[in-house]
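Taking it in order: structure first as structure tokens, then the write-up.
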Amino acid sequence: MEPSKAPEQFLKPYNAIEHEDTLYRMWEKSGYFNPDKLPGNRKESFCIIMPPPNANGSLHAGHALFVTLEDIMTRFARMDGKKALWLPGADHAGFETQVVYEKKLEKEGRSRFDMNSEDLYKEILDFTLANKSYMEGQLRALGASCDWSREVFTLDDKVIKTVYDTFKKLSDDKLLYRGSRIVNWCPKHQTSLSNLETTRQNRTDKFYYLKYGPFTIATARPETKFGDKYVVMHPDDARYAEYKDGQQFELEWINGNITATVVKDESIDMSFGSGVMTITPWHDATDFEIAQRHHLPYEQIIDWRGKLLPIAGEFAGMNIKDARGKIIEKLQAKGLVEKIDEAYAHEVPVCYKCEREIEPQIKAQWFVKMKPLAEKALDVVENNHVKILTENHEKIFKHWLGDIQDWNISRQIVWGIPIPAKICDSCNDGFVDIDDTATKCPKCGGAVRKDPDTFDTWFSSGQWPFATLGYPDGQDFKTFYPTTVMETMYDILFFWVARMIMLGIYRTSEIPFKYVYLHGMVRDAKGLKMSKSKGNVINPLDVSKEYGTDALRMGLVVGNTPGTDLNLDPRKIGAYKKFANKLWNIARWVLESCEATGATLTENDTAALKEFRALAAEITADLEGFRFHLASEKIYHYIWHTFADKLIEESKPIFTNGTQADKDSRSSLLIEIFSDSLKLLHPFMPFVTEAIWQSLPWKKDADILMVAPWPRYTDQ
RNA sequence: GCACCCUUAGCUCAGUUGGUUAGAGCGUUCGAUUCACAUUCGAAAGGUCGCAGGUUCGAAUCCUGCAGGGUGCACCA
């Protein structure tokens, strides 16, 4: 028996932990994460802007998935000769982070409402920066080959400057306005929210039929009815033909006699309830619109904390939930309750974070007119200038754009980019003041104060692709914009992707990316959403330590089609840990058995090579077509069940009994296929492939597999 | 209410533009081996591709309807 030619490390199983840190450091030190330092003369650029993870916690399985997918794309592009940039970032994540921090305060028995905003801001900043640097370490552990020298934070000066310029431009272009309109108010978080930040919940409540003069009105919220002085019905409703628009009548109501006025409006659904309703314009969007159409006054009934205001008389100061029953008792005593449906099923909007019911309120806020922006976005999607994977999501996207509403970008939280605007104390109007120099209202000359609000975090995130690349003059902007792919989870299609497309076109006249690849949610093995309360959270870093990062990556990518949720079973990851070890042993066997001779291949071996190359071409096409779930499975299957099970097994007798020509041919064949297989597998399993590559005596193409040329065969 | 998706082996899912006996992983059964393999190899069982029609030489794949499951959006009092 000859002494082993394979390096000693191959005598024991592959132990991912021993290699990963060292390899990552080697890659980082090589400088090849930076496209400017890549070898060769690269013409075509490739760019992914990383969706900046929220710097308010540690990475979860979903982060591991996006890192895997984006790293696959980047590594493939880099090996394939592109000027490949994957630009990392971190997101201050305004409201999200503030909510996380408020929970932390609550645990400590503190509250943000007892703190001044400077102190609160400073604390959240420290918290965020600490998380940010922790997170960067985690991204490295997952193998992310992104260019750290270009890392951007959403609160960097250059980002804020870009955001301010956009705000100003929107104002100049009359796409921005300040208006007192119905907003989604969260009584817990004390801020307004965009429609996207609310979600609907099924509730079963009591439904009250109340006598309102000669009419019966139905409501689930009697506590809003104190100020209702207008009773509205459809102009075509025959039942109420005798009542004329503007007609007034006296009636007994919650706190005594009032005068009510009849209003006819076509928005009323004649088939719902009694076909008659009273309106509460301050606390209901439909009612607000009716009031506006008919120039009716409106009055606030519920305060910002969800308590009744003095208009409620004896109920003033009560929480609305507590007041409801008492109000009904009083109405019953007056004989004004006709009947009560005990189980009225309906949907109510709730805050997406605390699930408390949204209280619609009228508030002066900054709004962006979305229709003109949406039309252009729709246009680029229709004309395939942006391709959204999957088609399903493209349809959903178009549907949403077609019915878009104006976007409230004001938030009453401290953790965010301050809105560079002034508010007039006299006329209450607002105006943009980027340089913070205005002291008087341009309209009425009144004294002004700084707008205390901050931007919706998605307003700045929506400008991420061009803000990070140094729009308008930066070299990176010229080289890499429009970027190649935007890869993110489908749940932020509207929050983020849509806004990036709209604001990107608006600012740069170009789409910010050519492809949108949407991945699904990572669920647990049973298909349940991971959550701390269920205790089924899979921490990617733990998994990576137990099975190796490569195995985790394969578990996340094989069979995971775009846009579809993935059930992540640790047993699946275990299977790929075995595969890493299999590959390790294949390497050992090839190193021990094969000699690089450059011999001519036999007819038989030529056929085997041809078969492999055909598969390699398929894998390349799959990568180009974003079919990572197929590409990964194909190379896995080939290496294990063709290369190892067939080629190596049939080589054993050849090496023992074959002619010299057969042996040499086989040796060349195995070396050739094995080397190219490592390349094909590298984007998916970067660590083990690189570890093996570093031990190959015949690596001619490149010292580092990460920049080895992608196998493309012209003679096919 | 409007819009969209899914239903394929015991389980989790692939199946790229319709094309020969529908695939993988895990699980199950049987056998071999420890001679690269903290094992591995070989083999087997298991599916009327939700249901009913239609288009086609040919449908898991395209069309229509139905059933079940899920998702997005919306101001129903």
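Order of the sequence lines fixes the chain letters, A, B, ..., with proteins taken first and strands second; residue numbering starts at 1 for each chain. Every heavy atom of this structure was used, including side-chain atoms; hydrogens, water molecules and symmetry mates were not.
- Of all nucleotides listed (A36(B), A3(B), C73(B)), C73(B) comes nearest to the side chain of D403(A).
- By the 30° and 60° cut-offs, the orientation of the rings of H641(A) relative to H637(A) is tilted.
- Between F579(A) and Y576(A), the ring planes are perpendicular. Angles over 60° get that label, and only those under 30° would be called parallel.
- Counting any heavy atom pair closer than 4.0 Å across all strands shown, D569(A) reaches no nucleic acid atom.
- Between H346(A) and A77(B) there is a side-chain polar atom (N or O) within less than 4.0 angstrom of OP1 or OP2.
- Listed pair R200(A) / A74(B) meets the phosphate criterion, a side-chain N or O lying under 4.0 Å from OP1 or OP2.
- The aromatic ring centres of F643(A) and F612(A) sit 6.0 Å or more apart.
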Pair I328(A)-L210(A), side chain to side chain contact (heavy atoms under 4.5 Å, CB included): steps then yes or no: CA-CA 9 Å; I328(A) 289 301; L210(A) 308 176; 4.3 Å; yes
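- Spacing between atom CZ of F272(A) and atom C1' of A77(B) amounts to 6 Å, rounded to whole angstrom units.
- Nucleic acid contact for H629(A): sugar-phosphate only, since backbone atoms but no base atoms lie under 4.0 Å from a heavy atom of the residue.
- Remark: N567(A) pairs with no residue by the side-chain hydrogen bond (donor to acceptor under 3.5 Å, both in side chains) rule, at least two apart or across chains.
- Proximity of W640(A) to the phosphate of C41(B): a side-chain N or O atom is located under 4.0 Å from OP1 or OP2.
- The interatomic distance linking N202(A) (CG) with U71(B) (C1') rounds to 14 Å, in whole Å.
- Among the atoms of the strands shown, only primed sugar atoms or phosphate atoms (P, OP1, OP2) are found under 4.0 Å from some heavy atom of D645(A).
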Base-contact (B) and sugar-phosphate-only (S) positions in nucleotides 6-13 of chain B, heavy-atom cut-off under 4.0 Å, - elsewhere: ------SS
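- Nucleic acid contact for N392(A): sugar-phosphate only, since backbone atoms but no base atoms lie under 4.0 Å from a heavy atom of the residue.
- Of the candidates A77(B), C5(B), C73(B), the closest approach to any side-chain atom of M277(A) belongs to A77(B).
- Salt bridge E18(A)/K12(A): present, at least one basic N to carboxylate O contact under 4.0 Å.
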